[in-house]
Structures are given as structure tokens and as C-alpha cells.
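One structure is given below, encoded as C-alpha cells.
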Amino acid sequence: MTAAPYDFRAIESEVQSVWVKNDAFRAEELAGAEKYYCLCMLPYPSGSLHMGHVRNYTIGDVLSRYKRMQGFNVLQPMGWDAFGLPAENAAIKNDTAPAKWTYANIEEMREQLTSLGFAYDWSREVTTCRPEYYRWEQWFFTQLFEKGLAYRKMAVVNWDPVEQTVLANEQVDADGRGWRSGAKVERREIPQWFLKITDYADELLEELDRMDGWPDAVRTMQRNWIGRSEGVEFDFQIAGRGDQPADVTEDGLADSIRVYTTRPDTVAGVTYMAVAAEHPIARAAAKYSPEVAGFIKSCADAGTSEAALETLEKRGVPLGYEALNPVTGERIPVWCANFVLMSYGTGAVMAVPGHDQRDFEFASKFGLPIKQVVQSSKSPSGIEDGAFLDKQDTVTINSGAFDGLDFPTAFEKTAEHLVLHANGAKKVNYRLRDWGISRQRYWGCPIPIVYDEDGTPHAVPETELPVKLPEDVAYSGVNSPIKEDPGFYETTVPGTGKPGTRETDTFDTFFESSWYYARYCSPDADSMLDERANYWLPVDQYIGGIEHAVLHLLYARFFHKLMRDVGLVESDEPFTRLLTQGMVIAETFYRDADGKPEYFTRDELELERDDKGRISGATLKADGKPVSVGRIEKMSKSKSNGVDPLAMIERYGADTVRLFSMSDSPPHQSLEWKEGGVEGMHRFLKRLWREIDDLDAADGDFDPADLSEAELDLRRKTHETIAKVTDDIERRMTFNTAIASMMELFNELSRFKPQGDAGRAVAHEAASALVRLLQPFVPHATHALWEKLGYTTALLNEAWPEVDEDALKRDAISLVVQVNGKRRAEVSVASDASKEECEAVALANEDVQRHVGDATVRKVIVVPGRLVNIVAN
RNA sequence: GCCCGGGUGGCGGAAUUGGUAGACGCAGCGGACUUAAAAUCCGCCGACGAAAGUCGUACGGGUUCAAGUCCCGUCUCGGGCACCA
């Protein structure tokens, strides 16, 4: 008998056409059925699917198909995060309009997703660059504007002085130079739109405690990002410039500098102050001092990213002003420093070099005094080697009236003093800043605002929405085409008919991705959302990259609360469970070319391996000369280490690609793409195909009491596997271990030689369970195998297999026996043996006796079902 | 710089609540089949040791009858840091 070979191409295309014919994945709002909304982060349509997408979407598809077999009414939609910078870059490079490029990419990528067999309801597809989609976020923005939750203020951007344009952080290289011009970027302030996410800071923070379906790491990151702190805001009086009294009127200044601190207990240790370059007092000082003026100017040459600012060499200059320490009354110098930012807090900080490491380093560098005011109450020590940061078991010193106090008392007493004598107030602060949503780019959703002649903003009324982004554009340079198009920006002020100017900035693309999950519920609604949103929401399972742990996932949570507060949704949170998957990585190969690495793809190389099979070297096929073996890194075009999913599907089939992407690592860890591993999974599917074809199995009844030892063993393995795979998918989401245990069952099934009707029935039970367990991972091949097993139903609608508890029972179990914690023997005991019986059997074992020898048994620990540890000396 | 995560055989990883370290797969080695190769099948596979056994989860300490798992410190790799998405 020759089995039909595993022809994955024919199988996959046939099974996919059955799904299309039956419209198998359309989701409807069914009363009575429990809903399950499974969502993967939507892709940016870059042109082709990469392995990161394959991994992400396979996870979602496995969960969707699993839940469907569990009887849930499943929604799994897909769409396109279609606005963004890459389309503009491609447009400038290739001289095509971003819209055309984007729509072509979407067509291509939709086809690629289909070829992987993902169970999407394409009737709900959302494309964020379509006016049908973005008109609703424009409408929503106008609602926020009316409520005062959207407002305009000055904010810092990267300015390229050569290109005369704003740059994204990504477009600024490590040296602070613009990527196209190579010119040093400058910080510049322009007016921009913001959403008041800080109004929701407390709710966003508190809710995190209850979100137990989210990974702890993500919740911790969000907590730290929001950064709630309790402290005191108060004033330092300006004493004057050097010996001179403050001439407040001449300098046009307030007579004080306001600061915020979480450590009022250390105010006595404040030995200087530092203000931002943009602070009014710094500007005033610049009038007297060319040095200060020069310093302020130099502070503008820096990027705007936090990493860039924090790693900057700490520089500063004294302003000549002095301030009065409100606790000690001492005169302390006021400096201007490049690490203080006007946009954070009050734009000024009090410096406590004794108890803050950054202040300590700055003071050491510039010879400023360092004063200790807190010390350990257990082992007091000095601060010669660095700041003393502890707050527990401490006592205040050198603090006059506030000496001898622990942290909470010192905090309270000093705070009281500051409230009374320094215009102080206790204050809760957040690290979280309001969300800046303006982008000076073309390929985004236009902000629906018109400015009148005074520059006052007016929201575009609902009847005039959407404000359409012109799609047929040409670039004259790098600047946004709508900023140079009077046909776009010349308009009239709503309601007045007077001439007005349209806003030419567009929304941050996180704006679109903050509510798309809700639009999938009612994609054709003639309003932002309709009642269907409350049927499906919240999303039961959200899946995407860990890189979105803070920004996207926080903005989406914020947006959901905004939508709730205008009555669009009822739930408080958008995503009940979250799975953050790791990156897909691969080896890199490079040569040094003028100090910069030049990367090569694997196909261009001949690899050498050592006797253990490790890659020991590589040569370029083209010239036969060696190439360096680099690190294993995230797949990317720039490192030439990407593996094309389509090529893999062509060679091995979608089922193999899906199976490998789930088998080799747990989903939250990075996955190394290895062709050998892919071949292993392909081999497994071929064996499975052949084995089930050859299997001497038949559906039928058997009496468990009459089964042989081998038959009982296979049944136990079958049901243990059902239990394990179910738990691995449902609770642990460790798909790699689920696959490993299915392979174990398969190995046992292929060793099993059925004898008689009962044997054939037990084999059939195992095969039937295995095919159903595999369906979420390998939906095409299992669809066909299900028919081979004699069923006429569609596998994807079958019920998930259930565990037969009776099949799991066993008579005897083995116990490991340790002597003083070292494994010495293994003994067999009845599965219901008591602790005493286990102990007796263990002590009677001769290997155990030999190791105990003459020693006295002090203690015996019995861990039921696992081991016995005998402590003897 | 700050926040978060990781580090286990030749490799990816398993060990779920502190209880047998190395499941499953890859690579490698040996064998069967074959004119031969591929494919397939069977076996071996952490280190040292003749064996008994000893050692072994990045490194240094600690807690415990028992530590890959918990605690303290260090090194190192990765993710994020607000205009990449």
C-alpha cells in the first residue's frame, strides 16, 4: 500500500477555497453565544509581510481557532495602520504619491495573509488612511476640543536648518545630525496640539492594579511611565546678583524660583539651584553675561529625545544670581544647566548633591559644596564616595530644627515649614506628560482646525467633515505638500465666512491606532461606533510586540476612557488580556567597509562549520573571501538577515511555517529563525500525514476494563496530552510546549501496534484527538486528515477534545529518593500510598541503605507523588 | 543615563507552586535500507571518570532538608525612553 504524499500546495489551496466558499470566518453578533474578540496589532503596510507579522498573527489565529472549537462566537479582524513616515520616504525616493504606494502594498500584503490561512473576517477590514475611517477621529477630536481636552501650546521639535523642516527623532542620527542633510539639528519651539492625558493619569494608574490579564512587566513599565509622585512645590526667594540685591523690576522677573521636590526632607542640603536654558531668570542673566548667553545658545544644539538628553555631558554655567535656602537661610548660587528642561515641571530644580547622584556629580565637577543632611541610623557613614540615597532607617542631621527625624517625619515637618514660609503646597506630580499629537508631515490625518485672522483656532463642524487629505500629490522637496498647497490651506472660518487658514499639521499615527479595535465592531456605521461595539468590547485577547508596552498601549487605554466619557463605549478598559510577543531574530554576516559594516544575506555565502556543527566561518560566494560572523539580531532589511515568509511558504507550506513559528520559543521570548528547525516541523507533518494514512484505526467502542497495558498507556497519553495542550494554550500560552507534547503523543501513537477492534479504536481515539489539538496550529493539513479519519464534518467547527479522567489513572508511581538532597534511587509505590508507606519503601531500598550507612536518620521529607528526601548524618 | 526583560548541553529550548536539570526539536555520530545518493527507519548524544561517583543552569555571596527557580551584589545581551510604527 502506498500512501499519497503530503502535497501541501494542493491541500492548502483546496482547504482555503473551502473556507472562502463557506465564508467561514464571518463574525456576527449572536445573542446567546459567548463572544470572544481576539485581536492582533494591525500592521503598517510596508509592502511585504515579515516574520514578525507571521509570528504575531499565528498566535492570534491559534487562539481564535482554539476558542472557536471551545464554542465561542469568535471575532478576529484585520486592517492597516496606513498613515506614516515610511510612505513619505518611499514617495520622495521613488517619486510616487504615498497613497498609491500604500494602497498597492495593502493589496499585496492581504494576499500574503490569506496564503497563511488566517481566519480573518475580511468584511470588517479597516484602512486608517481612508476618509471613511479618519473622518470619525476628526469628529472625535472636535468633541475633545469643545471639552477642553485638546489644546494648543508650544513644544520642542528637531529642526534641520538646511532642509528647513522638522525631523522625527528617527531621522536624527546618533551624532545629532539630520539624516539627509547631515546638518546639526537644533531644538526649536513651535505651537502644537495636545491631548490632556494627564487628566486621566490617576485612573490609568489605578486600573493597572486590576488588569491581571496583562503581563506584570508591561504594567510596571506603565506605572513607571505615569510616574506618580508625592512631593512639595515651593519657592526659593532670589537674593540678588552676587553682592547686589535682586533688582526684580529691572530684570522683569518674579522675585522667586519655583521648584518641585519629592524629598523635602533634604532641603537643608540644597547647596545650589539649576534652571533650564529657557527659564526667564537664565534669559535675564544673559543680558549681563556673554558667557551665559553663549551657554544658552549652545543648549539648543541637541536632540529632543530623553536618551539623548540624559546621556549628554552635564554642563552648566553660574548665572550670578543667588537664592535663599528656605530652611537654612543660606545664600546659594543659581546655575543654568543643560539637563534641566523647561517643559518638565517648573523648569528649575533644587540641587541636593549629598543625596542625589546626578547633583553629586555636577557639584563635584564644578566645585560646588556638598552637604550631608541624612544618614543611616544603623551604620552612619559619610558621603565622600557618592550621594546617600536611602530613605529607610535614616535620620536627619545638619538640618537645624529638623534634626534627628526619620524620613516620614522629616518629610512632613519640612513640608509644613515650606507651606508656611515658602509659599509651598503639597502636590502630586506625574512624570507623564500630555500627549503631543501634531506632526508636521503630509501622510497623516489632517487636524480639523481652521485659524481665523487673529490665529484663534476653530473646530471644523461635523457637516464639513471629513477634512480630506489630497492623495494625488507631488513632492517639490522634503516638505509636506499640503503646507505648500493654497488649495488645501486657504479656506473660510466656519460659521463666519471670513477668510481663514487650515491647520496643515496632521495627527500622530498613534491617534489612528488608538481606536481601530473599536471600529472593527461596526466598520460600516454612519457614526464613530454603534451598539455593536458594546457586544464585542472589550477585546478579550490582544497580541502584539513588546515595543508597544508603553506608548500605543497607554494611548489606546486613554482613548477608550475618552470614548467611554462621551458615551460611545461602556467598558473602562479596551484589552482584557494582553500577550506581548518577542522579536524574530537571525544570524548576521558582515564585512567592515570604511568603518561601517556591510551586511550579506545567507544566500550569498558559503558557511563553514566546526565538528560540533557550529558556524565557524563564512566566505562570500562571489569572491571566495572570508566574511565575519556577526551577532544574532532582529530581522531587518538593514542587517540583511531577514527571511522572506513567502519563500518559506513556497518551499514548505503555510502549515509548516505556522508550526515552526510557534514551536521553537515561548511567544514572549525572541524566536531564532533556523531553517533546520523548519525542516524538522516539515518532517513531522510528513510523518503525521503518512502515519494517519497507514494507521490501522477504526472508530468504535471499547471497554476500558478489557484493555491491554499498551492500550491503557496510549489512552493515558492521549488524555494527558489533551489536558496539557488545553492548559498550555488557555492559561500558559506556551505554544512551544503544547507542540512538544503533541509530538510526544504522535511518537507514542506511531510506536503503537493496534491489535483487534479495541486496539484499533484506541488508536483512532488518539489520532482523532491529535488532529483536533493540532487544528489551530496546522489548519490545512488537519482539515484533510480529519476526512481521512472518516469524518464528514468541517474540522474547524468541531468541538475541542475532552479529558477522560478515568483514562489518566495509574496503579503505581515512581518516587525519587534523595539522601541529603542527592538523588540515590528510584522506587515504585502504589499511587495511593501514604506518606509512611513511601518513607518505609524508600528506607528499605538497598542503594539508599548503602548511602545512609552508619549515619543517623534525622529527618525524612516526603513530597507526595514526587520524592522522598532522607536527611542523615 | 533612567525604566523593563533575558542569560540552562554543540544549538533553540523544557523543568507550571522551591522537589528527578536537559522534555520536544535541530545539529552531530553509529547502524539498517539502497548499485549510489536523497528520503525513511533504529540507536547514541552535558563534562570528567575504568567504575563507583563527582561536577554542572552567566559570575560572587546568602536562605533552605532541597535553589535553574527565592534574596543581595556584579557582568552581559536585548526592548522602551514620548515625532519609527
Side-chain angles (χ1 to χ4, degrees), chain A residues 41 43-44 46 81 83-86 155 157-158 166-172 192 215-218 220-221 223-225 227 304-312 314 339 357-358 432-433 435-441 508-510 513 545-552 554-555 580 582-583 585 609-615 631-634 660 663-666 668-672 674-681 683-684 686-687 690 724 727-728 731-732 734 736-737 739-744 747 814-818 820-823 826 858-861 863 866-871:
Chain A
M41 290 181 186
Y44 177 79
S46 58
D81 188 18
F83 277 135
L85 202 50
V157 292
N158 298 303
V166 175
L167 296 181
N169 281 338
E170 192 193 48
Q171 298 171 312
V172 180
Q192 304 189 56
D216 286 337
V218 174
T220 305
M221 278 189 256
R223 256 181 223 115
N224 290 336
W225 186 262
T304 59
S305 80
E306 189 172 334
L309 293 166
E310 286 287 333
T311 50
L312 220 55
K314 307 285 181 284
F339 56 85
Q357 194 55 30
R358 186 180 62 187
L432 180 69
R433 312 197 298 264
W435 175 14
I437 51 170
S438 295
R439 297 292 179 271
Q440 297 69 43
R441 309 197 205 288
D508 176 4
T509 57
F510 279 128
S513 57
I546 182 68
E547 66 274 19
H548 295 293
V550 178
L551 293 176
H552 161 62
L554 192 63
Y555 293 147
T580 49
M583 301 173 305
I585 57 179
R609 290 176 188 276
D610 63 14
D611 53 1
K612 303 228 164 163
R614 284 175 294 199
I615 295 173
R631 303 176 197 286
I632 297 168
E633 292 193 69
K634 180 177 176 171
F660 175 74
S663 70
D664 226 34
S665 294
H668 61 273
Q669 268 177 44
S670 55
L671 169 74
E672 190 181 336
K674 301 180 83 171
E675 189 124 0
V678 180
E679 277 167 13
M681 290 303 121
R683 238 180 333 252
F684 167 69
K686 280 196 288 190
R687 284 178 65 204
R690 189 156 22 92
K724 169 135 181 77
D727 188 49
D728 282 352
R731 180 181 61 87
R732 302 178 68 208
T734 51
N736 55 327
T737 55
I739 291 167
S741 67
M742 287 189 280
M743 290 176 126
E744 284 184 52
N747 290 340
S814 67
L815 281 184
V816 161
V817 186
Q818 298 180 331
N820 291 326
K822 287 201 194 319
R823 183 184 195 276
E826 194 170 314
R858 303 284 175 195
K859 198 172 172 184
V860 178
I861 289 135
V863 183
R866 292 207 178 260
L867 59 66
V868 178
N869 187 14
I870 296 157
V871 185

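These figures come from a predicted structure and were not determined experimentally. Chain letters run A, B, ... following the sequence lines, proteins first and then strands; every chain starts at 1.
Residue A/R690 places no side-chain N or O under 4.0 Å from the OP1 or OP2 atom of B/A39. Applying the 4.0 Å criterion to OP1 and OP2 of B/G19, one finds that A/N869 has every side-chain N and O outside that range. Phosphate proximity of B/G13 to A/Q669: present, with a side-chain N or O under 4.0 Å from OP1 or OP2. The shortest distance between the side-chain N/O atoms of A/R732 and the OP1/OP2 oxygens of B/A15 is below 4.0 Å. Here A/T509 reaches the OP1 or OP2 of B/A85: one of its side-chain N or O atoms lies under 4.0 Å away. Taking only side-chain nitrogens and oxygens, A/R683 comes nearer than 4.0 Å to OP1 or OP2 of B/C26. For A/R631, a side-chain nitrogen or oxygen approaches OP1 or OP2 of B/G78 to under 4.0 Å.
Nucleotides B/A21 and B/U54 place their C1' atoms 16 Å apart, quoted to the nearest Å. If you take atom C1' in B/U35 and the same atom in B/A52, they sit 50 Å apart, rounded to whole Å. Remark: the separation of the C1' atoms in B/U20 and B/C72 is 29 Å, to the nearest Å.
The aromatic rings of A/F510 and A/H548 lie perpendicular to each other, with more than 60° between the two planes, well past the 30° mark.
We find the CD-CG distance between A/E170 and A/N158 to be 12.0 Å, quoted to the nearest 0.5 Å.
We find that CG of A/N747 is positioned 10 Å from P of B/C41, with the value rounded to whole Å. Between A/H548 atom NE2 and B/A85 atom P there is a gap of 10 Å when expressed in whole angstrom units. Atom CZ in A/F339 sits roughly 14 Å away from atom P in B/C2 (whole-Å rounding).
For A/K724 and B/U16, a side-chain-to-base donor-acceptor distance below 3.5 Å is present, hydrogens and geometry of angles not being considered. Judged by distance alone with a 3.5 Å cut-off, a donor-acceptor contact links the side chain of A/R731 to the base of B/U16. Taking 3.5 Å as the limit, the base of B/C3 and the side chain of A/N224 contain no donor-acceptor pair of atoms between them.
Side-chain contact check for A/S513 and A/D81: no donor-acceptor pair (N or O, by modelled atom type) lies under 3.5 Å.
With contacts defined as side-chain heavy-atom distances shorter than 4.5 Å, the pair A/H668/A/I546 does not qualify.
A donor-acceptor distance shorter than 3.5 angstrom exists from the side chain of A/Q171 to the backbone of A/A168, with no hydrogens or angles considered. Under the 3.5 Å distance criterion, the side-chain polar atoms of A/S665 are matched with a main-chain donor or acceptor of A/S670.
Within a 6.0 Å sphere centred on CZ of A/R858, other residues, nucleotides and ligands contribute more than 12 heavy atoms.
With B/G1, B/G12, B/C24 as the choices, the nucleotide that has an atom nearest any side-chain atom of A/A307 turns out to be B/G1.
Taking a pair as Watson-Crick or G-U with both hydrogen-bonding distances under 3.5 Å, the stems of three or more pairs touching RNA chain B are B:1-7 with B:75-81, B:10-12 with B:24-26, B:28-32 with B:40-44, B:46-48 with B:53-55, B:58-62 with B:70-74.
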